[in-house]
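Accompanying notes for the structure given below.
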Amino acid sequence: MQTIKVAIAGFGGVGRTTATLLLQRRERYRQVYGVDVRLVAVCGSRAGLADANGLELSQLDELQPTLSGPEFISSSGAEVLIEAGPSDFRTGGPGLAYLRAALSAGQDCIVISKGALVHSGPQLRELAQASGAILKLSGAAAAALPTLDLLEHSLAGCQVLAVEGILNATTNYLLDAMRTQGLDFAAALREARGGGFAEADTRNDTEGWDTACKLLLLANFGLGADLTMDDLEVEGIHSITAQRIDAWKSQGLVPRLIGSLTRVDGTIRASVGIKTYPLSDPFAQVNGKNKAIRISSDAMGETIAIGCGEEPLATAAAALKDFEHILLARATRPAFMVEHSA
Ligand SMILES: NC(=O)c1ccc[n+]([C@@H]2O[C@H](COP(=O)([O-])OP(=O)(O)OC[C@H]3O[C@@H](n4cnc5c(N)ncnc54)[C@H](OP(=O)(O)O)[C@@H]3O)[C@@H](O)[C@H]2O)c1
């Protein structure tokens, strides 16, 4: 049976959950794909663990100091890297060095953090093309909500005319709380933090940057655009007043923070901002921490998906959905390309 070695860089909530799920699904990988999957290395910022024969669940709390960094991961012999470190779209974050090294060496990569993909997406895409590596990023592009898979698989062959998405759960929750409970933004944020529905620092979400990052990934990796963050107009929800919410409510309108892509004269335009929907529109019903995407195409009309899963399990599962796509692709990839990445 063929062995597939996997490494995980970034070993916090998502990285650990992904490792656990991967090990729990080993029997499935044997039965469905005929491969013996081994987790050969994991690391955080300062410590890690490696075993060429494969790590077991019981070992994952025994990280050793200094075992970290792109060289540590490449020396593990992994054929597939799962990157789950912190996200920083202004610098690319630590993920950038891991991904450059892995893709240059022909290792297939599953990316969960958005930073490197937003900062250097086209360059990473070119590195993958040059080495024949597969680059997958469902975990970074709204995770439990299928987005890139709809564009790549479900609508294959169609021309996408427009995309709009409710791509950030926290802002959707806050707008809903403002609308249904009559709260202003500050009160909704306090309520969400009290209930554990929002982080201590939510500016990345509420100022629209998280939505913008996901939208950029959909444009560049789903529609083949070459946008940078400077090309996006970005508006958040932090300046929405209770009075505006009331006015929309009295008109039967529901506000959502929307990432929009439109094709104008063959060019993709992207923006993030508030849009309002009548109650009859499916987007008006996407409540709480749900996310949604609506894609308009020339031949299949409108396609809508709505999704939400418990985190971090949902994101780990999205990454391992990518892993199964890689297993399928490796099974049909010419032998010389598989050898190149081994
Ligand atoms: N949480 C979610 O539900 C969710 C959903 C979708 C996407 N994401 C994305 O997934 C990523 C991970 O999220 P998380 O919640 O797991 O974050 P987290 O708990 O803060 O974990 C981040 C991990 O990255 C490690 N790290 C930092 N610098 C590193 C370096 N130079 N080399 C290797 N590892 C390094 C940290 O190591 P130390 O422990 O040593 O600091 C930590 O293990 C983030 O980019 C996030 O945006 C998260």
Side-chain angles (χ1 to χ4, degrees), residues 7-22 41-50 60-76 78 81-102 109-121 124 136-148 165 167-173 196-205 209-218 289-291 307-322:
I8 300 180
F11 210 52
V14 174
R16 278 178 184 275
T17 306
T18 306
T20 304
L21 200 56
L22 181 87
V42 299
C43 75
S45 65
R46 290 178 299 274
L49 203 56
L60 297 182
D61 286 327
E62 300 162 11
L63 303 196
Q64 307 292 316
T66 74
L67 300 182
S68 174
E71 280 178 25
F72 165 70
I73 291 292
S74 59
S75 66
S76 71
L81 169 67
I82 301 176
E83 193 280 314
S87 187
D88 184 339
F89 70 86
R90 293 184 175 88
T91 65
L96 189 52
Y98 285 96
L99 293 171
R100 279 185 178 144
C109 289
I110 296 166
V111 191
I112 297 175
S113 72
K114 293 173 276 297
L117 297 166
V118 172
H119 183 270
S120 295
L124 295 172
K136 303 288 284 182
L137 48 134
S138 295
L145 176 72
T147 55
L148 290 168
L167 301 174
N168 180 272
T170 303
T171 46
N172 205 49
Y173 180 91
F197 301 119
E199 312 268 321
D201 184 354
T202 52
R203 282 173 299 177
N204 199 38
D205 297 323
W209 297 112
D210 180 74
T211 298
C213 286
K214 290 169 183 162
L215 193 65
L216 188 93
L217 299 185
L218 296 188
K289 298 206 82 170
N290 281 300
K291 290 181 265 187
C308 172
E310 273 300 306
E311 296 295 359
L313 180 64
T315 295
L320 294 186
K321 168 190 70 171
D322 284 350

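Note that the structure is predicted; figures quoted are calculated from it, not measured. Remember, it's 1-based here, ligands and their atoms both numbered in the order they're listed.
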For [X] and [Y], indicate whether the former's side chain and the latter's backbone hold a donor-acceptor pair under 3.5 Å.
X: Glu311; Y: Thr315; value: yes
X: Asp61; Y: Leu63; value: no
X: Asp322; Y: Ser138; value: yes
X: Ser68; Y: Gly44; value: yes
X: Arg90; Y: His119; value: no
X: Gln64; Y: Glu62; value: yes
X: Ser74; Y: Glu71; value: yes
X: Lys114; Y: Lys214; value: no

On a heavy-atom basis, I'd like to know which of [options] is closest to [atom].
atom: atom 2 (C) of ligand 1; options: Val14, Ile8, Val111; answer: Val14
atom: atom 44 (C) of ligand 1; options: Gly309, Gly85, Ala84; answer: Gly85
atom: atom 40 (O) of ligand 1; options: Ser45, Ala318, Gly44; answer: Ser45

*Looking at atom 46 (C) of ligand 1, would you say a protein heavy atom lies below 4.0 Å from it?*
no
For [atom], grab the closest protein heavy atom and report residue, atom and distance to one decimal in Å.
atom: atom 17 (O) of ligand 1; value: Gly13 N, 4.6 Å
atom: atom 8 (N) of ligand 1; value: Ile112 CG2, 4.2 Å
atom: atom 6 (C) of ligand 1; value: Thr315 OG1, 3.3 Å
atom: atom 26 (N) of ligand 1; value: Pro86 CD, 3.5 Å
atom: atom 21 (O) of ligand 1; value: Gly12 CA, 3.2 Å
atom: atom 32 (N) of ligand 1; value: Tyr98 OH, 2.7 Å

What are the atoms of ligand 1, with element, lying closer than 4.0 Å to any heavy atom of [X]?
X: Phe11; result: 23 (C), 42 (C), 43 (O)
X: Ser87; result: 45 (O), 47 (O)
X: Glu311; result: 3 (O)
X: Ser113; result: 45 (O)

_Backbone or side-chain N or O of Gly139 under 3.5 Å from ligand 1 N or O_ = no
_Below 3.5 Å, N or O to N or O, backbone or side chain included: is there any such pair between Pro94 and ligand 1?_
no
_Single hit among Thr20, Val14, Thr17 for side-chain contact (heavy atoms from CB on, under 4.5 Å) with Leu313_ = Thr17
_Contact summary for Leu96 and Thr91, nearest pair of heavy atoms_ = CD2-O, 3.9 Å
_contact_flag Ala143 ligand 1 heavy-atom lt 4.0 Å_ = no
_Stepwise side chain to side chain donor-acceptor pair (under 3.5 Å) test for Asn168 and Asp210_ = CA-CA 7 Å; Asn168 180 272; Asp210 180 74; 2.8 Å; yes
